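Contents: one structure, followed by commentary.
Note that the structure is a prediction, hence the values are computed from the model and not measured.
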Amino acid sequence: MHNEAAQSSMPTLLPARLALGALSMSVLLPATQDEVWLYLTQPEALEKWSPVVPDRGLGVAGPAVSQENPGDDPVDATVHEARAPWFLQHAWGPDTLTWQLAPAGDQVQLNLVHELSDQAQAAGTAAGWHLCLVVLGDVLAGLATPRCVGRDALEHGWEEISQQYRRVLDADISEQ
């Protein structure tokens with residue numbers, strides 16, 4: 001993924017918010033709810049865009065573990081609740097991710113709430129999800145955009161995006 005390509009195919013992100021230790025982000029995706037659900041729950045689809053790559057499908061509640069990359073230490077990815085094709089809540093290490101899908105015309109609105117174990121990481125986490133959601137939108141649109149997680153994110157503007165989110169999220173913190 002090149003920065004120019006990411007900019008031209010970037011999904012419309014609604015402003016990120018930080019409240020009560022939870023980061024909220026939303027994006028419109030060019031797909032059906034069933035297609036997006038597959039990309040939220042199936043390991044072979046998640047490995048195309050997400051830092052959460054579980055050892056099993058996430059479409060059913062129960063224990064799971066996740067690795068961002070092969071060889072990484074596994075982290076808890078236990079599914080707390082899954083209601084296809086619109087609601088998924090699971091652990092990601094010490095954090096909790098809640099995904100909600102809703103039809104929006106010929107697109108799907110994906111809402112992510114990331115309950116942070118460390119609120120100081122909010123801007124960097126938002127930047128990481130921003131890059132991942134750009135890739136997800138591209139993949140759903142049929143583009144061959146490579147996954148962008150971990151160190152790869154640094155090469156694709158993570159620092160600059162993190163600074164932009166820091167300004168937005170710092171305003172949220174000052175309002176609380």
Side-chain angles (χ1 to χ4, degrees), residues 6-7 9-41 45-46 49-54 58-59 61 64 66 68 75-105 107-140 147-150 153 156-176:
Q7 295 299 322
S9 63
M10 189 175 299
T12 303
L13 293 178
L14 301 175
R17 300 293 308 205
L18 180 64
L20 304 173
L23 170 68
S24 300
M25 299 180 78
S26 297
V27 62
L28 287 173
L29 296 168
T32 67
Q33 260 183 279
D34 288 333
E35 290 169 324
V36 176
W37 181 255
L38 175 99
Y39 276 86
L40 291 179
T41 60
L46 284 158
W49 71 274
S50 177
V52 179
V53 182
L58 300 178
S66 171
E68 188 167 303
V75 299
D76 182 25
T78 297
V79 177
H80 305 297
E81 188 172 351
R83 288 182 264 161
W86 64 276
F87 183 89
L88 175 65
Q89 184 177 66
H90 64 89
W92 188 32
D95 297 356
T96 299
L97 303 178
T98 302
W99 306 88
Q100 292 180 300
L101 303 177
Q107 299 182 11
V108 171
Q109 180 162 334
L110 179 147
N111 298 313
L112 167 62
V113 176
H114 185 147
E115 295 176 41
L116 298 160
S117 58
D118 181 0
Q119 186 170 308
Q121 300 298 317
T125 300
W129 282 122
H130 176 100
L131 290 168
C132 290
L133 293 170
V134 167
V135 172
L136 176 59
D138 284 356
V139 168
L140 289 167
R147 184 172 170 249
C148 182
V149 299
H156 298 287
W158 177 87
E159 287 185 34
E160 296 81 8
I161 296 167
S162 179
Q163 291 170 4
Q164 292 173 3
Y165 278 114
R166 184 166 288 109
R167 286 190 289 275
V168 170
L169 300 176
D170 282 351
D172 285 349
I173 292 170
S174 67
E175 292 174 8
Q176 294 179 25

Which pairs would a plain distance check flag for residues 84-94, meaning a side-chain donor or acceptor within less than 3.5 Å of a matching protein atom at least two apart in sequence or in another chain?
| residue | atom | partner | partner atom | Å |
| --- | --- | --- | --- | --- |
| Q89 | NE2 | T98 | OG1 | 2.9 |
| H90 | NE2 | W99 | NE1 | 3.2 |

* To do: Answer whether the closest heavy-atom distance between the side chains of L136 and Y39 falls below 4.5 Å.
  => yes
* Structure fact -> Nearest heavy-atom approach of G59 to W37 is CA-CZ2, 4.3 Å
* Is there side-chain contact between Q107 and L28, with at least one heavy-atom pair below 4.5 Å? -> yes
* Asked: Which atom names give the shortest non-hydrogen contact between I161 and H130, and what distance separates them?
  -> CD1-CD2, 3.8 Å
* Taking only residues two or more places apart in sequence or in another chain, which ones pass side chain to side chain contact (heavy atoms under 4.5 Å, CB included) with Q121? -> D118, T125
* Contacts of type side-chain hydrogen bond (donor to acceptor under 3.5 Å, both in side chains), residue W49, not counting sequence neighbours -> none
* Structure fact -> Taken in chain and number order and not counting sequence neighbours, the residues that satisfy side-chain hydrogen bond (donor to acceptor under 3.5 Å, both in side chains) with S162 are none
* Structure fact -> Closest non-hydrogen contact found for L46 with P54 is CD1-CD, 3.5 Å
* Would you say the side-chain atoms of S66 pair up with the backbone N or O of V53, donor to acceptor, closer than 3.5 Å? -> yes
* Asked: Residues in side chain to side chain contact (heavy atoms under 4.5 Å, CB included) with A122, at least two apart?
  -> L18, L116, L169
* To do: Quick one: list whatever passes side chain to side chain contact (heavy atoms under 4.5 Å, CB included) with V36, sequence neighbours left out.
  => L29, A31, L40, L101, V108, L110, L140
* Asked: At what distance, to the nearest 0.5 angstrom, does CZ of R147 lie from CG of L131?
  -> 12.5 Å
* Asked: For R166, which residues count as a salt bridge (Lys or Arg N to Asp or Glu O under 4.0 Å) partner, sequence neighbours excluded?
  -> none
* Structure fact -> In this structure, NE2 of H114 is separated from CG of L23 (nearest 0.5 Å) by 7.5 Å
* Residues forming a side chain to side chain contact (heavy atoms under 4.5 Å, CB included) with A102, sequence neighbours excluded -> none
* Can you name the nearest heavy-atom pair linking V149 to S50, along with the distance? -> CG1-C, 4.0 Å
* **Qualifying residues under side-chain hydrogen bond (donor to acceptor under 3.5 Å, both in side chains), relative to E35, sequence neighbours excluded** => T32
* To do: Over all heavy atoms of both residues, which pair between C132 and C148 is shortest? Give the atoms and the distance, please.
  => SG-O, 3.9 Å
* Asked: Does the side chain of L112 reach to within under 4.5 Å of the side chain of S24, using non-hydrogen atoms?
  -> no
* Might you point out which heavy atoms bring A16 and M25 nearest each other, and give the distance in Å? => CB-CG, 4.0 Å
* Asked: Partners of D34 by side-chain hydrogen bond (donor to acceptor under 3.5 Å, both in side chains), sequence neighbours excluded?
  -> none
* Asked: So do the side chains of V79 and E81 get within less than 4.5 Å of each other, counting heavy atoms only?
  -> no
